[in-house]
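Accompanying notes for the structure given below.
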Amino acid sequence: MTVSTTPARRVRVHRAWFVAAVAFVAILGAAGFRATPGVLITPLQEEFGWGKGVISLAVSINLVLYGLTAPFAAALMDRFGMRRVVSLALLLVAVGSGLTVLMTATWHLMLLWGVLVGLGTGSMALVFAATVTDRWFVRHRGLVTGVLTAAGATGQLVFLPVLAHLAQGPGWRVASLAVAGSALAVVPFVWWLLRDRPEDVGTTALGADPDAPRTPASTVNAAVRALTVLRSAARTRPFWYLAGGFAICGASTNGLVSTHFIPAAHDHGMPEPMAAGLLAVIGIFDIVGTVASGWLSDKVDPRILLGVYYALRGLSLMVLPSLFAATAEPSMLIFIVFYGLDWVATVPPTVALCRSVYGTDGAVVFGWVFGAHQVGAAIAAVGAGLARDQLGAYDVAWYASGALCLLATGMSLAIRHSKGR
């Protein structure tokens, strides 16, 4: 009796997953750079005597550039490739963060953390995740968008306890140098492993028709393309609903909670490392919330998802002022878990709407929508800092942000999947 042996078929993992893994590492590493301002506010105030409003202004410059750089970065990635743009961005962050140890005046903070780090992190913003998924994935786009989005938001928050302990122990300069070193460490991974398009390695996007026409790299000036897309999108109603809602999203997350939660908790007697730890817990639960949101975006109307997310966020922010205490009470822990699930769950449905309404321009349009996100974050960051300086508490900022989130619910539900409406 002869037994026929057939060699086992080797399961080949699509190259798109390797690209997504490298993007995940880059976005996760970049997140640490976004985490630092929240733990620097109090140490800088104590060492230099600068007010929270002044320091928050530097954070606001960072947030604005972080957002407004995104659409141009998306166009630059089309023109020169993701690998070059992201590698240069990491070097900018390393220089900006490393030189902060030498600063002695507020304008140094504005230039280094505001301008250089803002430009660098803006080039690795969520538009990078949108570009990766648009180029490398047809199947599982929503899920991968959710995972990469979680890498950014979660990494930012998970780095907080480490940076807070460094700032409290060896000092804020050591924290800044740690960020610079992390940025440099990510560069080799991006340069050696990231590839710009499936065609570069002789394959197609995951789930794409092998016979489908391939989109060539853009030869148009990046700035011209970014502005042309903006001019076209700005004539449509969905763009303003998306941009307005995402501006409120930025105000209620990066601008308010990321920047001011630690000093607000410190006002109520909570040690800064403990407050930073709570933000890290938000980051842990954000993984679950954002990945689940990406999965849902492939199956549920993204307008409905956005409306629900904003409504729940607004209600939770209105409760937050009553939860602060010197210790992490159970009620605060419940808020942290809930808010973590909702933190950036808004991103996958927003990316999905940009793609469905604006087609091949979706990534650049999302760049402009993300720019609005960061403008909202900047306004909230400086506004909350000034409110704290003038009123002695952050309560007004929490209530105002909650009310705006309820407004974003209505804007999201009003979006139509047609540019002409």
Side-chain angles (χ1 to χ4, degrees), residues 23 63-86 88-89 118-119 121-138 141-142 145 148-149 196-197 205 213-250 297 302-303 306 346-378 411-412 414-421:
L63 291 171
V64 169
L65 289 177
Y66 179 66
L68 295 183
T69 301
F72 296 97
L76 284 169
M77 288 176 191
D78 278 347
R79 180 70 177 85
F80 299 106
M82 295 184 290
R83 184 168 59 165
R84 292 178 182 174
V85 172
V86 175
L88 180 60
L119 290 173
T121 53
S123 298
M124 295 179 290
L126 296 178
V127 70
F128 175 39
T131 302
V132 169
T133 53
D134 278 354
R135 291 186 184 179
W136 281 91
F137 292 87
V138 171
R141 268 181 176 168
T145 301
L148 294 182
T149 300
D196 295 316
R197 297 175 183 275
R214 299 181 180 183
T215 304
S218 175
T219 57
V220 179
N221 180 280
V224 171
R225 178 158 188 252
L227 294 172
T228 300
V229 170
L230 173 63
R231 185 167 60 248
S232 175
R235 296 192 183 110
T236 66
R237 194 175 300 169
F239 174 80
W240 294 106
Y241 288 145
L242 286 165
F246 225 44
I248 293 170
C249 179
S297 294
R303 298 172 301 167
L306 280 180
T346 54
V347 174
T350 302
V351 171
L353 284 169
C354 288
R355 185 184 300 121
S356 67
V357 176
Y358 300 102
T360 56
D361 289 332
V364 179
V365 171
F366 177 70
W368 286 111
V369 170
F370 184 70
H373 180 282
Q374 295 309 113
V375 170
M411 297 170 71
S412 301
I415 296 170
R416 297 292 179 265
H417 289 274
S418 169
K419 288 191 288 184
R421 297 184 190 177

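Just the heavy atoms: all of them, side chains too, but no hydrogens, waters or symmetry mates, feed the values below.
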Subject >> Reported CZ-to-CG distance for the pair Phe128 and Leu148, which is rounded to 0.5 angstrom >> reply: 8.0 Å

Subject >> Side chains of Tyr358 and Ser232, donor plus acceptor under 3.5 Å >> reply: no

Original post:
CE of Met82 to CZ of Arg197: how many Å apart, nearest 0.5 Å?
Top reply: 8.0 Å

**OP:** Quick one: pull up CD1 in Ile415 and CZ in Phe239 and give me the separation to the nearest 0.5 Å.
**Re:** 11.5 Å

Subject >> Heavy-atom pair of closest approach, residues Gly118 and Thr69 >> reply: O-OG1, 4.4 Å

Original post:
Between Val86 and Ser123, is any pair of side-chain heavy atoms under 4.5 Å apart?
Top reply: no

Subject >> Which atom of Ser356 lies closest to which atom of Leu353, heavy atoms considered >> reply: OG-O, 3.1 Å

Subject >> Whether over 12 other heavy atoms sit under 6.0 Å from Arg83 CZ >> reply: yes

Original post:
If you round to the nearest 0.5 Å, how far is CZ of Phe366 from OG1 of Thr131?
Top reply: 9.5 Å

**OP:** Decide yes or no for Phe246 and Tyr241: does some side-chain heavy atom of the first lie under 4.5 Å from some side-chain heavy atom of the second?
**Re:** no

Subject >> Straight-line distance of Ser412 OG to Leu242 CG, nearest 0.5 Å >> reply: 7.5 Å

Original post:
Quick check: does any side chain N or O of Arg141 sit under 3.5 Å from a backbone N or O of Phe137, one acting as donor and the other as acceptor?
Top reply: yes

**OP:** Drop me the distance from Met411's CE to Leu306's CG, to the nearest 0.5 angstrom.
**Re:** 11.0 Å

Subject >> Arg84 and Met77, any side-chain heavy atoms less than 4.5 Å apart >> reply: no

**OP:** Give a yes or no answer on whether the side chain of Trp240 reaches the backbone of Arg235 with a donor-acceptor pair at less than 3.5 Å.
**Re:** no

Original post:
Who are the side chain to side chain donor-acceptor pair (under 3.5 Å) partners of Arg355, not counting sequence neighbours?
Top reply: Asp134

Original post:
Hey, mind stepping through Leu227 and Phe72 against side chain to side chain contact (heavy atoms under 4.5 Å, CB included) and telling me if it holds?
Top reply: CA-CA 8 Å; Leu227 294 172; Phe72 296 97; 4.2 Å; yes

